Student: 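Got a structure here, written out as structure tokens. Questions coming.
What you are looking at is a predicted structure, and each value in this text was computed from that prediction instead of being measured. Computation of the quantities below employed the complete heavy-atom set of this structure, encompassing side-chain atoms and omitting hydrogens, waters and symmetry-equivalent molecules. Along the sequence shown, the residues carry numbers beginning at 1. Order of appearance sets the numbers: ligands from 1, and atoms from 1 within every ligand.
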Amino acid sequence: MLLQIHEPGQTPMPHAGDNLAVGIDLGTTNSLVAISRDGKPEVLRDPRGRSLIPSIIAYKTDGAVAVGDDARLVLLDEPERVISSIKRLMGRGTDDVKRLAGSLPHELAPGRSGEMVKLVIGDRVVSPVEVSAEILRELRHRGEGALGQSVTRAVVTVPAYFDDAARTATKDAARLAGLEVLRLVNEPTAAALAYGLDKGAEGTFAVYDLGGGTFDVSILRLEKGVFQVLATGGDAALGGDDFDHAIAEHFLAQSPGAAPSAAEVKRALFSARLAKECLSTQDSGEWWIERDGRRSAHPLDRATLDRLLGPLVERTIAICGEVLHDARLAVEDLAGVVLVGGSTRVPLVQRRVAEFFARPPLSDIDPDEVVALGAALQAEALTRGSDTLLLDVTPLSLGIETLGGLVEKIIPRNTAIPVAKAQEFTTYQDGQDAMVVHVVQGEREMVDQNRSLARFTLAGIPPMTAGAARVRVEFAVDADGLLTVSAREQTTGREQRVEVRPTYGLPPEDMERMLRESMKHARDDLARRLLTEARVEGERALLALEGALRKDSQLLSAPERSTIETAVARLRRSVQGEDRDDIMQAITALDGACQDFAQRRMDHGVASALKGLTIDRVERDMAGGRG
Ligand code: ADP
Ligand code: MG
């Protein structure tokens, strides 16, 4: 879709009349399913009251597949038949995975370069899509059990950093599990939704989400129920799993021997994770690992844990700093920090987040559930509407190309729709009789870094001097996200319009990437924009002077002429260069050199204009001028 729509109550509900839809947090470590009714979301539980389904799948020897806690049981006896953290492999090709192979105790099926990665489990070969589909199927069944009716639609959350391939893989997995994905929602956004709606909070918030396999931080503005994402950042390969690895390595290093086997690593990771979770509430304890068939005991206390996890936690804090910087915000500009994800239960994480953001973080919604609850709210909004205010906004800015490949934004991103905005443009050259309207979408300053949506020509502009024509370009986005662009020359009324259909639009994953890039490049872009503007200004000055010389060169003496020519040559040289200040100085110098000439041209112009007027008219005009 070109423009994402979330406007319960105002836009027609895109999925109204269908059966209900659930919200799913498909986590690296744990997954949940939730439902919202009348704006009140709740997680769905099994008959034993459990809401989290560990994202673990066991392909058992007898051919049966176990998911969640049942699969976890298999982990101890037959760890090689159990797959965890599959989300890290979603959408990954065999080439990407070589880098991760060390941190993933799975056997990878040999695959050609460019192929989707596959895992070998006993005599089976499975893809991450199939494995994730098992989890989604389990979630669907849990939902159906709890609701007593069939579940076929869902809003599924994904990390903000998921790329095209990973998002597509997630959708494919859902389809395989019998679920239609109404929308993929970024996890931090879902969390903010849950918080914002529960509390009616206003202001700018940071969402710090540290799960098992991913870290996301987003800066969101909640204002009158409208969500605006100001900046996002994170690390797709940083989370509680890495905490477990750091602790497991510490344990394994304490009982030296040959390189540990895959099963020994899994065993050590299991203990490491228990140790970590225990130490969130206890000060110390002792855990077991196995080396060469022998068990050994390893004590661990909070201080040692903090030392092991410190570098990983600091990486998240550094990313928080970068994201705030991208959003041009200081910590004091924030109204709060939201904690999401199981790993935010680690006391060191809470302490460092509180220190960095200079306030205690919000954590009153269960950090495990908050994402699923937000997804459920979104699912309800898409199927039945709700009173909760979630306005439709344009997800990316819409604009047109102007001189020098710059983008003039006409509708900035996060503008509530429907909306119509117009702006006037003019011609660049004397006698220019056509204008190309190039419609682009994106946040970057230069056309070639944004997405091109449409291009059309407005012809038949009456020849006029440069800058005299008035072309009004209007952008209108209707409630369904359909963009219409029209251009109208004001004196003749000549008009051209084009409809930009959603199919020409941007897949959400491109959008995410483009947003991220725009944040990252904002500073370079500004410098480039200033340089380009200076060049355009310089070219314009040269062009204007050329025209003037062609018409009125007889008004110049030979020495005046040569001074101007020197200034022209200097400006010509500097517009080729990269130095904006140099260009601006050259423009000023040329202006100076032409001052007398310009004055003389004006006098000359007035004199020749007067010749064609009756005395009567001149007197009237002069009287008006005095009055
Ligand atoms: P994901 O979103 O990646 O599925 P979760 O938000 O469910 O992850 O978080 C899972 C991570 O949280 C795991 O690494 C788990 O060990 C960790 N975790 C859960 N409970 C605790 C706890 N009490 N203390 C420390 N870490 C915890
Ligand atoms: Mg999560």
Side-chain angles (χ1 to χ4, degrees), residues 23-34 43 50-57 67-69 72 75 83-90 103 132 135-136 138-139 156-162 166 170 184-192 194 207-218 234-248 269-283 285 287 300 302 305-306 308-309 312-313 316 338-353 363 365-375:
I24 287 179
D25 173 5
L26 183 61
T28 313
T29 320
N30 295 299
S31 299
L32 292 88
V33 53
V43 298
R50 293 175 298 187
S51 63
L52 294 182
I53 296 183
S55 305
I56 303 178
I57 303 87
V67 178
D69 289 313
R72 202 179 244 176
L75 190 61
I83 299 176
S84 57
S85 300
I86 193 65
K87 188 170 170 184
R88 287 195 166 190
L89 296 184
M90 289 298 268
S103 64
S132 296
I135 305 171
L136 286 159
E138 186 73 16
L139 289 162
V156 180
T157 60
V158 289
Y161 273 83
F162 255 24
T170 304
L184 294 175
V185 174
N186 289 327
E187 288 158 9
T189 305
V207 180
Y208 177 106
D209 179 351
L210 190 58
T214 52
F215 171 61
D216 283 296
V217 55
S218 303
D235 187 334
L238 178 59
D241 289 353
D242 300 285
F243 290 3
D244 300 348
H245 277 278
I247 300 164
L269 285 171
F270 188 81
S271 291
R273 181 181 171 148
L274 283 180
K276 175 190 70 177
E277 294 184 4
C278 275
L279 291 179
S280 288
T281 46
Q282 293 172 23
D283 288 333
W287 290 272
L300 191 67
R302 180 80 65 74
L305 180 77
D306 286 359
L308 292 172
L309 305 187
L312 296 166
V313 176
T316 69
V338 177
L339 287 186
V340 181
S343 297
T344 62
R345 293 215 174 85
V346 172
L348 177 66
V349 171
Q350 295 186 356
R351 195 167 75 233
R352 289 295 293 125
V353 170
S363 55
I365 301 181
D366 186 329
D368 286 324
E369 295 184 355
V370 60
V371 168
L373 297 176

Student: Touching ligand 1 at all, Gly213? Heavy atoms, strictly under 4.0 Å?
Tutor: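 It does; at least one heavy atom falls under 4.0 Å.
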
Student: Only heavy atoms of Thr28, strictly under 4.0 Å: list the atoms of ligand 1 that pass.
Tutor: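 It comes down to these atoms of ligand 1: 1 (P), 3 (O), 4 (O).
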
Student: If you apply the rule side-chain contact (heavy atoms from CB on, under 4.5 Å), what do you find for Val313 with Phe243, and how did you get there?
Tutor: CA-CA 9 Å; Val313 176; Phe243 290 3; 4.0 Å; yes

Student: Can you tell me which residue and heavy atom of the protein come closest to atom 2 (O) of ligand 1, and the distance to 0.1 Å?
Tutor: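 That would be Gly211 CA, 4.0 Å.
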
Student: Do Tyr208 and Thr316 pair up side chain to side chain, a donor and an acceptor below 3.5 Å, judged on atom types alone?
Tutor: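 Side chains of Tyr208 and Thr316: pair found under 3.5 Å.
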
Student: side-chain contact (heavy atoms from CB on, under 4.5 Å), that's the test. Do Ile135 and Ile57 meet it? Break it down for me.
Tutor: CA-CA 8 Å; Ile135 305 171; Ile57 303 87; 3.6 Å; yes

Student: For Gly374 and Ala194, work out which heavy atoms get closest and say how close.
Tutor: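 What the structure gives for the nearest pair is N-CB, 3.9 Å.
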
Student: Please list the nearest protein heavy atom to atom 3 (O) of ligand 1 with its residue and the distance rounded to 0.1 Å.
Tutor: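 For atom 3 (O) of ligand 1, the nearest protein heavy atom comes out as Gly212 N, 2.7 Å.
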
Student: Going through the checks in order, is the side-chain contact (heavy atoms from CB on, under 4.5 Å) test met by Leu269 and Arg273?
Tutor: CA-CA 6 Å; Leu269 285 171; Arg273 181 181 171 148; over 6 Å; no

Student: Look only at the side chain of Arg345 and the backbone of Glu277, and say whether a donor-acceptor pair between them is shorter than 3.5 Å.
Tutor: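 Between the backbone of Glu277 and the side chain of Arg345 there is no qualifying donor-acceptor contact (under 3.5 Å).
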
Student: Per the side chain to side chain contact (heavy atoms under 4.5 Å, CB included) rule, which among Ile24, Leu26, Leu52, Leu373 passes with Leu32?
Tutor: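 Exactly one pass, corresponding to Leu52.
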
Student: At a 4.0 Å threshold, what atoms of ligand 1 neighbour a non-hydrogen atom of Gly27?
Tutor: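 Once the distances to Gly27 are compared, the set is 4 (O).
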
Student: List the steps, then state whether side-chain contact (heavy atoms from CB on, under 4.5 Å) holds for Arg88 with Asp241.
Tutor: CA-CA 11 Å; Arg88 287 195 166 190; Asp241 289 353; 4.2 Å; yes

Student: Got a donor-acceptor contact below 3.5 angstrom from the Ser55 side chain to the Gly27 backbone?
Tutor: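 Yes, Ser55 side chain to Gly27 backbone: donor-acceptor pair under 3.5 Å.
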
Student: So, do Leu308 and Leu300 sit near enough that their side-chain heavy atoms are less than 4.5 Å apart?
Tutor: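 Leu308 reaches Leu300 side chain to side chain.
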
Student: Against heavy atoms of Gly341, which atoms of ligand 1 measure under 4.0 Å?
Tutor: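 That gives atoms 6 (O) of ligand 1.
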
Student: Between Ser343 and ligand 1, find which residue part has any heavy-atom pair under 4.0 Å and reply side chain, backbone, both or neither.
Tutor: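 Answer for Ser343: both.
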
Student: Tell me, please: is Thr214 in heavy-atom contact with ligand 1, that is, under 4.0 Å?
Tutor: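 No; Thr214 lies far enough from ligand 1 that no heavy-atom distance drops under 4.0 Å.
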
Student: May I ask you to list the atoms of ligand 1 that are less than 4.0 angstrom from any heavy atom of Arg345?
Tutor: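 Contacts of ligand 1 toward Arg345, numbered from 1: 20 (N), 22 (C), 23 (N), 24 (N).
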
Student: Is it the case that ligand 1 has an N or O less than 3.5 angstrom from some N or O of Glu277?
Tutor: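 Yes; the residue has a nitrogen or oxygen that sits under 3.5 Å from a nitrogen or oxygen of the ligand.
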
Student: Give the residue and atom name of whichever protein heavy atom lies nearest to atom 7 (O) of ligand 1, and the separation in Å to one decimal.
Tutor: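 That would be Asn30 ND2, 2.9 Å.
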
Student: Please say whether Leu210 places an N or O atom under 3.5 Å from an N or O atom belonging to ligand 1.
Tutor: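 By distance alone, the answer is no.
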
Student: Tell me whether Asp25 has any N or O atom under 3.5 angstrom from an N or O of ligand 1.
Tutor: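 In fact, backbone or side chain, Asp25 has no N or O that close.
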
Student: Looking only at non-hydrogen atoms, find the nearest pair between Leu279 and Arg302 and report the distance.
Tutor: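 Shortest heavy-atom separation between Leu279 and Arg302 comes out as O-NE, 2.7 Å.
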
Student: Out of Ser280, Cys278, Gly342, indicate the one that has the non-hydrogen atom closest to atom 9 (O) of ligand 1.
Tutor: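 When every heavy atom of Ser280, Cys278, Gly342 is considered, Gly342 comes closest to atom 9 (O) of ligand 1.
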
Student: One residue to check: Arg273. Relative to ligand 1, which of side chain, backbone, both or neither has a non-hydrogen atom less than 4.0 Å away?
Tutor: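 For Arg273, only side-chain atoms sit under 4.0 Å from ligand 1.
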
Student: For ligand 1, which atoms have a heavy atom of Thr29 less than 4.0 angstrom away?
Tutor: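 Under 4.0 Å from Thr29, ligand 1 has these atoms: 1 (P), 3 (O), 4 (O), 8 (O), 10 (C), 13 (C).
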
Student: Can you list the ligand 1 atoms lying under 4.0 Å from a non-hydrogen atom of Gly240?
Tutor: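 Answer, ordered by atom number: 14 (O).
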
Student: For ligand 1, find out whether one of its N or O atoms is nearer than 3.5 Å to an N or O atom of Lys276.
Tutor: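 So ligand 1 has an N or O lying under 3.5 Å from an N or O of Lys276.
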
